[in-house]
There are 2 protein chains.
Amino acid sequence: MANNIDLDKETLFIVSQTFKALGDPTRIRILHLLSKKECSVGEIVEHLSLGQSTVSHQLRFLKNLRLVKSRREGTSIYYSPEDDHIMDILEKTIEHSNHD
Amino acid sequence: MANNIDLDKETLFIVSQTFKALGDPTRIRILHLLSKKECSVGEIVEHLSLGQSTVSHQLRFLKNLRLVKSRREGTSIYYSPEDDHIMDILEKTIEHSNHD
DNA sequence: TGATAATATGAACATATACTCATATACGGT
DNA sequence: ACCGTATATGAGTATATGTTCATATTATCA
């Protein structure tokens, strides 16, 4: 049928990719941490007790979707949120889940 | 370290499950359709050209998370959204992705 | 330039996910 | 009670995903 009620392929792809990014505990923890303060990879590793490689992989994932951005400072690379809309959704949903 | 900046296990589970639900194209299409109008399983199958079993499985998934609810009418079962907050997030993100 | 620290990358592996097929269940009409 | 229609369920399968390990890259400093 493929009528007007359905969503187009591209919208579907973008939206699903975006939510998929928020659908993993590790990425949620990273984003939530970054919402509090800009962090280097090493700081994320320490704060969340994760493997360096794990964090690096997930940051690349998030950066590809433009959910985070990075800047270099010496040998360290600092990450921070880039998409206000998505961060807002994440934080609101965390709050929402807390008073149930 | 496990400090105050990190999220507790339960919150993490609920939030990730919720976003995981929105991270699949099929479920997005179903939820978006239901946001327009209450539908029976058969109507969803027709509108979205999906397999009956696929739709049924996904509806169970969504119902477990209390994202949709159902009512019986004869042999048909009609589904509709149950979580306003999540539906709002979905619709807003769809809009957000459209004017980029 | 060599050594060290911080981060990124690729391959391998284990698990999770979504679909399909076949079958079961539930209801209404006859 | 039997049949047809609508929906649900379980097993099997193929693909996607997340982590780990080993190694590569990049930058700083002596």
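Proteins get letters first, then strands, A, B, ... in listed order; numbering begins at 1 in each.
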Worksheet item: Can you get from B/F61 to B/L34 by hopping between Ile, Leu, Val, Met, Phe, Trp and Tyr side chains that sit under 4.5 Å apart?
Response: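 Per the 4.5 Å side-chain linkage, B/F61 and B/L34 are co-clustered.
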Practice prompt. Give the cluster check for B/Y78 versus B/I30: same hydrophobic cluster or not, with ILVMFWY residues linked at side-chain heavy-atom distances below 4.5 Å.
Written response: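 B/Y78 and B/I30: separate clusters.
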Could you check how far [atom1] of [X] sits from [atom2] of [N], rounded to whole Å?
X	N	atom1	atom2	result
B/Y78	D/dA6	OH	C1'	11 Å
B/L50	C/dA18	CG	P	13 Å
B/K20	D/dA16	NZ	C1'	12 Å
B/E46	D/dA6	CD	C1'	12 Å
B/E73	C/dG28	CD	C1'	13 Å
B/F19	D/dT17	CZ	P	18 Å
A/I44	C/dA6	CD1	P	14 Å
B/R72	C/dA26	CZ	P	9 Å

Worksheet entry | Whether A/H32 side chain and A/I28 backbone form a donor-acceptor pair below 3.5 Å |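 No; judged by distance alone, with no hydrogens or angles, the pair does not exist.
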Practice prompt. Just compare D/dT28, C/dA18, D/dT7 and give me whichever is closest to any side-chain atom of B/D24.
Written response: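 Closest nucleotide to the B/D24 side chain: C/dA18.
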Practice prompt. Could you check which of D/dT7, D/dT19, C/dA6 has an atom nearest any side-chain atom of A/T26?
Written response: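 My answer, after comparing the listed nucleotides, is D/dT19.
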Any [X] side-chain N or O less than 4.0 Å from OP1/OP2 of [N]:
X	N	answer
B/Y79	D/dA8	yes
A/R27	D/dT17	no
B/S40	D/dT7	yes

Discussion item. Name the residue from B/R66, B/K63, B/M87 that meets the side chain to side chain contact (heavy atoms under 4.5 Å, CB included) definition with B/E82.
Written reply: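 When B/R66, B/K63, B/M87 are each tested with B/E82, the side chain to side chain contact (heavy atoms under 4.5 Å, CB included) holds only for B/R66.
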Worksheet item: Closer to the 5' end of DNA chain D via nearest nucleotide, is it A/Q17 or A/G51?
Response: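 It is A/Q17, whose closest nucleotide lies nearer the 5' terminus.
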Discussion item. If you apply the rule side-chain contact (heavy atoms from CB on, under 4.5 Å), what do you find for A/T18 with B/L22, and how did you get there?
Written reply: CA-CA 9 Å; A/T18 303; B/L22 301 180; over 6 Å; no
Discussion item. Minimum heavy-atom separation for A/E38 and A/E43, please, with both atom names.
Written reply: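 Nearest pair, atom of A/E38 first, then A/E43: O-OE1, 4.0 Å.
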Worksheet entry | Within residues 52-62 of chain A: residues closer than 4.0 Å to DNA chain D (heavy atoms) |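 Those residues whose heavy atoms fall under 4.0 Å from DNA chain D, taken from residues 52-62 of chain A in numerical order, are A/S53, A/T54, A/H57, A/Q58.
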Worksheet entry | Crowding at CD, A/E91 (>12 non-hydrogen neighbours, <6.0 Å) |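 Buried by this count: over 12 neighbours within 6.0 Å.
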